[in-house]
Amino acid sequence: LILNVCIPPATASTYNNAAIEYNAKDNFIYLAQVNAGSTNIYKYYVGLASQVFACPVLTTPTYTYNYGISNFSIDQNGDVYTISNYTAATGTAKFTKVTLATGAVLVTQTVQFPAANKPTSLGNGDLTFVANGKLYVVFEASATTSKLYEITNYGVSSNATAVFLKDIPN
C-alpha cells in the first residue's frame, strides 16, 4: 500500500527496486530504493494506532549507501541485514549486517542455499525476522514456484546456511 500510494513518481522510478521494512525498536518505517549501484533509505514515523496515517513526503533520502541491495530486513534489536550478490551456479549469496544510518558493513557472511533447492535469483523475494529472532526468506525458483528457507547462523563471522523448508506456489 505505501509503495503504491505514498511514493511520488519522482522517487519510485520502479517498484521492482524498492523494499519496505518496519523497525520495532524505533517505530519508524524504512523504504529502500536501489538506483544504479546505490541505495536510498527513506525514514518516517508510523504514528500511533489512534492517529490518521498520512503519506510522508519522500524527496530527500535520510541515508544513502554507495552500493545496491537486493533485499533487507530489520531484526528485533534494530539491526539491518541485507542479502545480495547471488551466484546461481554455486547457490551462494552475500549476507551482510550493516549500520542503518551509514550502511557501513559490520559482518559479511556467505549464505549457502541447498544444491537441490536453490532459488533462481534474489530479485523476486523477501526476508523477514519473526518475534523469536528466526529469519525466513522466500525467493522465486520458477515462474510458478518459490522456495521458503530459514537462515541459520546469521550475524556471526562464520557462514550462514539456508535451510530449505518448502515450495510455495507463486
Side-chain angles (χ1 to χ4, degrees), residues 1-3 15-34 37-43 46 62-170:
L1 175 66
I2 291 172
L3 285 176
Y15 296 126
N16 293 331
N17 292 328
I20 194 164
E21 274 293 318
Y22 171 69
N23 186 344
K25 187 169 182 175
D26 66 6
N27 204 34
F28 280 86
I29 286 182
Y30 293 84
L31 170 77
Q33 183 201 19
V34 180
S38 67
T39 304
N40 291 328
I41 305 290
Y42 300 87
K43 170 184 171 180
V46 175
T62 309
Y63 312 117
T64 300
Y65 303 166
N66 63 357
Y67 55 89
I69 61 173
S70 295
N71 290 286
F72 81 111
S73 190
I74 302 172
D75 73 5
Q76 67 274 17
N77 299 315
D79 296 325
V80 179
Y81 291 83
T82 69
I83 192 165
S84 59
N85 297 352
Y86 180 66
T87 304
T90 60
T92 58
K94 184 168 93 173
F95 195 67
T96 308
K97 180 180 176 181
V98 302
T99 59
L100 185 58
T102 65
V105 173
L106 301 173
V107 176
T108 298
Q109 301 174 271
T110 297
V111 60
Q112 179 68 58
F113 290 88
N117 286 293
K118 299 184 294 189
T120 54
S121 76
L122 303 182
N124 293 321
D126 200 7
L127 55 148
T128 192
F129 287 93
V130 294
N132 65 4
K134 289 187 176 188
L135 174 61
Y136 294 96
V137 301
V138 62
F139 294 114
E140 188 173 78
S142 71
T144 59
T145 307
S146 292
K147 295 193 177 286
L148 176 66
Y149 309 88
E150 179 184 350
I151 303 294
T152 60
N153 204 33
Y154 65 86
V156 297
S157 58
S158 60
N159 289 344
T161 302
V163 177
F164 173 72
L165 300 175
K166 68 183 294 181
D167 287 321
I168 301 173
N170 288 349

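Nothing here was measured: the structure is a model prediction, and the numbers come from that model.
- In this structure, Thr102 contributes its side chain and Ala104 its backbone to a donor-acceptor pair below 3.5 Å.
- To the nearest 0.5 angstrom, Ser146 atom OG is 5.5 Å from Glu140 atom CD.
- Judged by distance alone, with hydrogens and angles left aside, the side-chain atoms of Ser142 form a donor-acceptor pair with the main-chain N or O of Thr145 at under 3.5 Å.
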Could you go step by step and tell me if Glu150 and Leu165 meet the side chain to side chain contact (heavy atoms under 4.5 Å, CB included) rule?
CA-CA 7 Å; Glu150 179 184 350; Leu165 300 175; 4.2 Å; yes
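- Looking at Tyr136 and Val130, their side chains come closer than 4.5 Å, going by heavy atoms from C-beta outward.
- For the residue pair Asn170 / Thr144, no side-chain donor-acceptor distance below 3.5 Å is found, with atom types taken as modelled.
- Atom CG of Asn77 sits about 6.0 Å away from atom NZ of Lys25, to the nearest 0.5 Å.
- Note that CD of Gln112 is 10.5 Å distant from CD1 of Ile151, once rounded to the nearest 0.5 Å.
- Using a 4.5 Å heavy-atom threshold, the side chains of Ile83 and Phe72 count as separate.
- Distance check: Thr92 OG1 to Lys118 NZ gives 9.0 Å after rounding to the nearest 0.5 Å.
- Here Tyr81 and Phe95 bring their ring centres to under 6.0 angstrom of each other.
- Counting heavy atoms from C-beta outward, Ile41 and Tyr65 have side chains that approach closer than 4.5 Å.
- Cation-pi check for Lys43 over Tyr30 is not met; the charged atom does not lie both under 6.0 angstrom from the ring centroid and within 45 degrees of its normal.
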Quick one: do Val98 and Tyr67 satisfy side chain to side chain contact (heavy atoms under 4.5 Å, CB included)? Show the steps, please.
CA-CA 12 Å; Val98 302; Tyr67 55 89; 3.3 Å; yes
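- Classified by interplanar angle (parallel below 30°, tilted 30° to 60°, perpendicular above 60°), the ring pair Phe129/Tyr154 is perpendicular.
- For the pair Asn71 and Gly125, the tightest heavy-atom approach, listed with the atom from each and the gap, is OD1-O, 3.3 Å.
- Residues Thr120 and Tyr86 are not in side-chain contact: their nearest non-hydrogen atoms beyond the backbone lie 4.5 Å or more apart.
- Rounded to the nearest 0.5 Å, atoms CG (Leu127) and CZ (Phe139) are 5.5 Å apart.
- Put simply, the side chain of Asp75 gets close to the backbone of Asp79: a donor and an acceptor are under 3.5 Å apart.
- Tyr149 has its ring centre less than 6.0 Å from the ring centre of Phe113.
- Counting heavy atoms from C-beta outward, Asn153 and Ser158 have side chains that approach closer than 4.5 Å.
- Side-chain contact between Leu106 and Thr99 is present, with heavy atoms from C-beta onward closer than 4.5 Å.
- Between the side chain of Gln109 and the backbone N or O of Thr96 there is no donor-acceptor pair closer than 3.5 Å.
- Under 3.5 Å, the side chains of Tyr63 and Asn40 contain no donor-acceptor pair of N or O atoms.
- When atom types are taken as modelled, the side chain of Asp126 and the backbone of Val137 share no donor-acceptor pair closer than 3.5 angstrom.
- Distance check: Leu31 CG to Ile20 CD1 gives 5.5 Å after rounding to the nearest 0.5 Å.
- For the pair Glu21 and Ile74, the tightest heavy-atom approach, listed with the atom from each and the gap, is OE1-N, 3.6 Å.
- The shortest side-chain heavy-atom distance between Ile168 and Lys147 does not fall under the 4.5 Å cut-off.
- Side chains of Val107 and Val156 form no contact here, defined as non-hydrogen atoms less than 4.5 Å apart.
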